[in-house]
**Student:** 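This is the structure I want to talk about, given as structure tokens.
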Protein chains: 2
Amino acid sequence: MPLDSRTTSPARPMRADARRNYDRILAAAAEAIAEHGAEASLEEIARRAGVGSATLHRHFPSRQRLLEAVFRDKVEALCAAAADLAVDPDPWHALVTWLGAVARHAVSNRGLAASLMRGAHDGDPALGDTCHTMIINAGADLLARACRANAARPDVSITDLLKLVNAICLAVEQEPDGAAQADRLLTLALAGVHPAGESAGRKM
Amino acid sequence: MPLDSRTTSPARPMRADARRNYDRILAAAAEAIAEHGAEASLEEIARRAGVGSATLHRHFPSRQRLLEAVFRDKVEALCAAAADLAVDPDPWHALVTWLGAVARHAVSNRGLAASLMRGAHDGDPALGDTCHTMIINAGADLLARACRANAARPDVSITDLLKLVNAICLAVEQEPDGAAQADRLLTLALAGVHPAGESAGRKM
DNA sequence: TGCAAAACGGGGTGGCCCTCCATATCGTAC
DNA sequence: GTACGATATGGAGGGCCACCCCGTTTTGCA
């Protein structure tokens, strides 16, 4: 798993000490975020990692960057899950299952939802494959398949769906039974509020 | 409009200077929140109001309290709108219209959504009629009417709906075209993602 | 082994939230 | 009008934070 482009690209490899500190910070950040959420103190992360705060800021110029690095492997797992589901015989079921998985990850990794959402607009434009675009690409296939099977409305975009999922997770993030609530709300949103779902539901 | 219980209840009226500062802080907070969202600096609000930070903290022991005071009249407007819609001949339309209004308010008053959501659990329990419960009560009637008319699924609660609305607003809050996106997502969630909305949409 | 480039981190700056307490102001009783 | 207790004030200060500067150390290559 590439931790940083410079660790893999031959352009200019990281120095050994830099690499070591990078990894330490990442590990400390994962711990801290699990405990205190995405708002964890950067200074405490540096302290835990045994590096100066300047070193943390040099490796990760913004909190967003750090979150992306920490969550990258989790995001990759989601992308893999999407690939697996791409062969599910029921495209709608595949889509719904995957969105549920996204929601579960987002709820259990506090701050993932917010982090991914922010990535959409105020992240550095230079950063090509952020977690955000990775997830979008993974989901787009599932949605396209569902559309082709006429199982999803054609005017729905994957961005819409992911925003909905992230919105829900963001909202229930700090409730005790977040996972259950997220599941409930997501099901509700996907099914619609109308009892039989006839077209009246769309006239709004 | 009651600004503080002590301004109306005969128990112990506020002193004139206290009242003046209370109003100034409220006005400054409204300005600051409109500019910087609900995370606006409390110190800056105090500065704008021309009072010391201690005075702000005395009048509003928590940020939540301040937000509630600022948003109270807006919330009251929403409650009034709900009352008006309660006589709409089409209960589903009334419900949807009202939720749309809630969303519009939440988007245009950055932080309202988050503020109301937080009010649900970590607000002081002593605070009886928070904005949160005011809105819940207002919406419950509309939903009940829609249910009675078989226009909304009976297993949906007003809490679910409001959470959904707030989630959406929270998520699109800092996008440039927030209002449009919120509308889009809300419509989507209410209608469901399925094209015709047949029961498959609910099996998830 | 020598040395330039790369990386480091202590400490400073400025911001934030919140609290204490000496001081100023208000409302009332006379 | 004045005196006085209750009430309200706000500046100073503590603790925490993000972020940056720059003298020092480490690294890796020649």
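In what follows, every heavy atom counts, from backbone to side chain, and hydrogens, waters and symmetry copies are set aside. Everything numeric in this text was worked out from a predicted model, so none of it was measured. Naming: A, B, ... by sequence-line order, numbering from 1 per chain.
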**Student:** Want to settle it: does Gly52(A) or Ala40(B) sit nearer the 5' end of DNA chain C, counting the closest nucleotide to each?
**Tutor:** Gly52(A)
**Student:** When the distance from CD1 of Ile45(B) to P of dC16(C) is rounded to whole Å, what number comes out?
**Tutor:** 11 Å
**Student:** OP1 or OP2 of dC17(D) sitting under 4.0 Å from any side-chain N/O of Arg47(A)?
**Tutor:** yes
**Student:** Could you please name the option among dA7(C), dC18(C), dG9(C) that lies closest to any side-chain atom of Val51(A)?
**Tutor:**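 Nearest to the side-chain atoms of Val51(A), counting from C-beta on, is dG9(C).
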**Student:** Check whether any side-chain nitrogen or oxygen of Ser41(B) sits under 4.0 Å from OP1 or OP2 of dC16(C), and answer yes or no.
**Tutor:**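 Yes, Ser41(B) has a side-chain N/O under 4.0 Å of OP1/OP2 on dC16(C).
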**Student:** Report which part of the nucleic acid Arg63(B) touches: base, sugar-phosphate, or nothing (heavy-atom distance under 4.0 Å, all strands).
**Tutor:**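 Contact class for Arg63(B): sugar-phosphate only.
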**Student:** State which of dT19(C), dG10(D), dC19(D) makes the closest approach to the side chain of Leu42(A).
**Tutor:** dC19(D)
**Student:** Starting at the 5' end of DNA chain D, which residue's closest nucleotide do you reach first, Ser53(B) or Arg58(B)?
**Tutor:** Arg58(B)
**Student:** Does His59(B) make a side-chain N or O approach to OP1 or OP2 of dA8(D) shorter than 4.0 Å?
**Tutor:** no
**Student:** What integer distance in Å separates Arg24(A):CZ from dC8(C):P?
**Tutor:** 10 Å
**Student:** In whole angstrom, what separates Phe60(A)'s CZ from dC20(D)'s C1'?
**Tutor:** 18 Å
**Student:** Please give, in whole Å, the distance from dC16(C) C1' to Leu66(B) CG?
**Tutor:**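 Going from CG in Leu66(B) over to C1' in dC16(C) covers 15 Å.
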**Student:** Would you mind reading off the distance between Leu56(A) atom CG and dC20(D) atom C1', rounded to a whole angstrom?
**Tutor:** 14 Å
**Student:** Once rounded to the nearest 0.5 Å, what's the spacing between atom CG of Leu56(B) and atom CG of Leu66(B)?
**Tutor:** 6.0 Å
**Student:** So that I can tick it off, tell me whether Glu68(B) and Arg63(B) are bridged by a salt bridge, with the cut-off set at under 4.0 angstrom between side-chain N and carboxylate O.
**Tutor:** no
**Student:** Specify the residue among Ala18(B) and Glu43(B) whose closest nucleotide of DNA chain D lies further upstream toward the 5′ end.
**Tutor:** Ala18(B)
**Student:** For a quick test of reading the model: is some side-chain N or O of Thr55(A) closer than 4.0 Å to OP1 or OP2 of dG9(C)?
**Tutor:** yes
**Student:** Rounded to whole angstroms, how far apart are CZ on Arg65(A) and C1' on dA18(D)?
**Tutor:**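 In whole Å, dA18(D) C1' and Arg65(A) CZ are 17 Å from each other.
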**Student:** Only one of Ile168(B), Val165(B), Leu164(B) passes side chain to side chain contact (heavy atoms under 4.5 Å, CB included) with Leu185(B); say which it is.
**Tutor:** Ile168(B)
**Student:** Does the base of dA6(C) carry an N or O that pairs as donor and acceptor with the side chain of Arg15(A) under 3.5 Å?
**Tutor:**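 Answer yes: a donor N or O sits under 3.5 Å from an acceptor.
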**Student:** Can you name the nearest heavy-atom pair linking His59(B) to Asn21(B), along with the distance?
**Tutor:** NE2-CB, 4.4 Å
**Student:** Write down the atom of Arg184(A), the atom of Asp155(B), and the distance for their closest heavy-atom approach.
**Tutor:**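 For Arg184(A) and Asp155(B), the tightest heavy-atom pair comes out as NH2-O, 3.0 Å.
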**Student:** Can you tell me the distance, in whole Å, between the NE2 atom of His57(B) and the P atom of dG14(D)?
**Tutor:**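 Going from NE2 in His57(B) over to P in dG14(D) covers 18 Å.
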**Student:** Could you tell me how far apart Met14(A) (CE) and dA7(C) (P) are, to the nearest whole angstrom?
**Tutor:** 7 Å
**Student:** Using a cut-off of 4.0 Å on non-hydrogen atoms, how would the nucleic acid contact of Ala54(B) be classed: base, sugar-phosphate, or nothing?
**Tutor:**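 Base: the residue Ala54(B), judged by heavy atoms under 4.0 Å, touches a nucleobase.
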**Student:** Does OP1 or OP2 of dA7(C) have a side-chain N or O of Asn21(A) closer than 4.0 Å?
**Tutor:** no
**Student:** Salt bridge check, Arg145(A) against Asp141(A): does any charged N sit closer than 4.0 Å to a carboxylate O?
**Tutor:** no
**Student:** Among the candidates dT25(C), dG11(C), dA7(C), find the nucleotide nearest to the side-chain atoms of Asp17(A).
**Tutor:**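 The closest nucleotide is dA7(C).
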